[in-house]
Colleague: 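The structure follows.
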There are 2 protein chains.
Amino acid sequence: MNLPPLIQSFVLHFGEMGSRWGINRTVGQIYALLYVSPEPLNAEQIVEALGISRSNVSMSLRELQAWNLVLLKHLPDDRRDFFTTPDDVWQILRTLAEERKKREVDPTLSVLREILMQQPASEAERHAQARMSEMHGLIEQLTTWYEDVKQLDTDRLATLLTLGAKVTRLLEAKDKIVSLGRSKRSTEKG
Amino acid sequence: MNLPPLIQSFVLHFGEMGSRWGINRTVGQIYALLYVSPEPLNAEQIVEALGISRSNVSMSLRELQAWNLVLLKHLPDDRRDFFTTPDDVWQILRTLAEERKKREVDPTLSVLREILMQQPASEAERHAQARMSEMHGLIEQLTTWYEDVKQLDTDRLATLLTLGAKVTRLLEAKDKIVSLGRSKRSTEKG
DNA sequence: TCGTAATTTCAGTAATTACAGAAATGACAG
DNA sequence: CTGTCATTTCTGTAATTACTGAAATTACGA
């Protein structure tokens, strides 16, 4: 590996993390390298920078393309493929969220739905279905929220994040007023 | 494997998904089994239900405990360990979020911070640092939001999720009013 | 303090996944 | 066409990870 020390730390870290993210070391390293490169890189440059085989680079880039995490660019009068990551980190976040949902959530959701359609044949199955139904409900609530906020443009999304706690405080205030109203009325009744 | 068909589907699915979630098949299967079981199970029961070795069960339970995903229970006059998952799916979600953050986000955040402390020795490093800084900023914003909303009790969290889009519409309305005011003033000026 | 049951650790093996190098394919210029 | 360069696919091997069965440890009752 032949990289400036500061970049190498970053690349190596992404490699190590790779396994925890469900991708492998090489894929993680290539992504990190592309992310910090000022210019798009071609396969040969990646081979030199990371010291890995040409075929490994080819397959890893394939993987990154399947995740929609890299952009393919072409330079005039050059047949080679050059790769970058999107400039906008928020766009990267969106892609990541979408792809992980597709791979890690949607399949479970559809399996749950399928199982919940069936008639339980025993008390054990009935209880299991009830549990699965709870899980299904939670996941649906989360994905509904996600589908909702992912529509937001970046500014509004950022605002929503920054707001986070404040929305909460607003809700608490509302609750307080409502419950005050309720307890007053219930006092009057009781 | 010796389970009612409906439960078996669920367990097998969690096993298959296991790899995508960064845990292994057995761990996924055991978790799924405990999740749908009406009563806590001991190791031997898991061995019988899933048809895997006793030692494998022991190591997988260890892994699940490291993730705080299972509860250890003891019955009176019985030395064996019995395991369950929490009843409340929201609690499970919280644990999952916390553990994944700890494993998948925090290490990256600290590596980024460390690298950003250093003096870039070249233009390439300077640019790389700028990119890392963008990433760091985004992750910080996300984790701040997370630290914020994770404090909420479940009712309020659920409300926040359901609200999702509506908060947005509120923001949009506010934006419209503000920008109307601005454009009016700028028209007056221009 | 011995014996027994439960659990954990360990060492070897099986299974899976990652990778390199070679061969094949594709794309284009002349 | 043919030759060249870029990329992909394929096959075998290396490395890693998952798993088993045996041995060791722990916990506790008699």
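Side-chain atoms are counted along with the backbone in the values below, which use heavy atoms only and exclude waters and symmetry mates.
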Colleague: In whole angstrom, give the distance that lies between atom CD1 of B:I52 and atom P of C:dA15.
Modeller: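 Distance check: B:I52 CD1 to C:dA15 P gives 16 Å.
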
Colleague: Between P on D:dC28 and CG on B:D77, what's the gap in Å once rounded to a whole number?
Modeller: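 Taking atom P of D:dC28 as the reference, CG of B:D77 is at 13 Å.
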
Colleague: From the options D:dT7, C:dT7, D:dT8, select the nucleotide whose nearest atom is closest to the side chain of A:D81.
Modeller: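 The answer is D:dT7.
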
Colleague: Between the protein and nucleotides 24-26 of chain C, list the N/O to N/O atom pairs that are separated by less than 3.5 angstrom.
Modeller:
from	atom 1	to	atom 2	distance (Å)
C:dG26	N2	A:R79	NH2	3.3

Colleague: Of all the choices, D:dC19, D:dA22, D:dT9, which nucleotide is nearest to the side chain of B:S55 once you look at every atom?
Modeller: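 For B:S55, the side-chain atoms sit closest to D:dA22.
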
Colleague: Mapping A:D78 and A:R62 to their closest nucleotides on DNA chain D, which lands nearer the 5' end?
Modeller: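 Taking each residue's closest nucleotide, the earlier one in sequence belongs to A:D78.
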
Colleague: Applying ring pair (Phe, Tyr, Trp, His ring centres under 6.0 Å), can you list everything that pairs with B:F83, at least two apart in sequence or on another chain?
Modeller: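 So B:F83 forms no ring pair (Phe, Tyr, Trp, His ring centres under 6.0 Å) with any residue.
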
Colleague: Could you tell me whether A:R20 and B:E99 make a salt bridge, using a distance below 4.0 angstrom between a side-chain N and a carboxylate O?
Modeller: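 No.
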
Colleague: Given atom CG of A:L75 and atom C1' of D:dA6, what is their separation to the nearest angstrom?
Modeller: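 It is 14 Å, rounded to the nearest whole Å.
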
Colleague: Can you measure B:L64 atom CG to C:dT8 atom P for me and round it to whole angstrom units?
Modeller: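 Computing the B:L64:CG to C:dT8:P distance gives 13 Å.
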
Colleague: Whole Å only: how far is the CZ atom of B:R80 from the C1' atom of C:dA5?
Modeller: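 The distance from CZ of B:R80 to C1' of C:dA5 comes to 10 Å, rounded to the nearest Å.
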
Colleague: Would you kindly give the CD-to-C1' distance between B:E16 and C:dT16, to the nearest whole Å?
Modeller: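 Those two atoms, CD and C1', are 15 Å apart.
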
Colleague: Could you tell me whether B:R54 contacts a base, only the sugar-phosphate backbone, or nothing, with contacts defined as non-hydrogen atoms closer than 4.0 Å?
Modeller: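 Here B:R54 touches the bases of the nucleic acid.
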
Colleague: Could you state the CD-P distance from B:E63 to D:dT17, rounded to the nearest angstrom?
Modeller: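 Distance, rounded to whole Å: 12 Å.
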
Colleague: Check this one for me: any side-chain N or O of A:N24 less than 4.0 Å away from OP1 or OP2 of D:dT16?
Modeller: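 No, because none of the side-chain N or O atoms of A:N24 sits under 4.0 Å from OP1 or OP2 of D:dT16.
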
Colleague: Does either side chain, that of B:N2 or that of B:E48, offer a donor lying less than 3.5 Å from an acceptor on the other one?
Modeller: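 Not at all, the side chains of B:N2 and B:E48 share no donor-acceptor pair under 3.5 Å.
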
Colleague: Could you report the tightest heavy-atom contact between A:T84 and A:P40, atom names first, then the distance?
Modeller: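 Reported closest heavy-atom pair: OG1-CG, 3.9 Å.
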
Colleague: Please evaluate the base of D:dG21 for a donor-acceptor partner in the side chain of B:S53 within a cut-off of under 3.5 Å?
Modeller: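 Under the 3.5 Å cut-off, the side chain and the base do not form any donor-acceptor pair.
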
Colleague: Using salt bridge (Lys or Arg N to Asp or Glu O under 4.0 Å), reason through A:E140 and A:R113 one step at a time and then give a plain yes or no.
Modeller: CA-CA 11 Å; A:E140 271 220 322; A:R113 274 201 256 271; 2.9 Å; yes

Colleague: Just to be sure I understand the rule, does B:N56 reach a base, reach only the sugar-phosphate, or reach nothing, if contact means heavy atoms closer than 4.0 Å?
Modeller: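 Base contact.
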
Colleague: Centre of A:W21's six-membered ring, under 6.0 Å away, within 45 degrees of the axis: is that where NZ or CZ of B:R103 sits?
Modeller: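 The answer is no, since B:R103 fails at least one limit relative to A:W21.
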
Colleague: Measure the distance from NE2 on B:H74 to P on D:dA27 and round it to the nearest whole Å.
Modeller: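 Between P of D:dA27 and NE2 of B:H74: 11 Å.
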
Colleague: By the 4.0 Å heavy-atom rule, please label A:R25 as base, sugar-phosphate, or nothing.
Modeller: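 Contact class for A:R25: sugar-phosphate only.
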
Colleague: Can you tell which of D:dT7, C:dT9, D:dT9 lies closest to the side chain of B:S58?
Modeller: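 Shortest atom-to-atom distance from the side chain points to C:dT9.
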
Colleague: Assuming nearest nucleotide by heavy-atom distance, tell me which of A:A43 and B:I23 is located more 5' along DNA chain D.
Modeller: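 Here A:A43 is the residue nearer the 5' end.
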
Colleague: Show your working on salt bridge (Lys or Arg N to Asp or Glu O under 4.0 Å) between A:K150 and A:E98 and close with a plain yes or no.
Modeller: CA-CA 9 Å; A:K150 86 172 180 193; A:E98 192 65 24; 3.0 Å; yes

Colleague: More than 12 foreign heavy atoms under 6.0 Å from CD of B:E123: is that the case here?
Modeller: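 Atom CD in B:E123 is packed in, count exceeds 12.
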
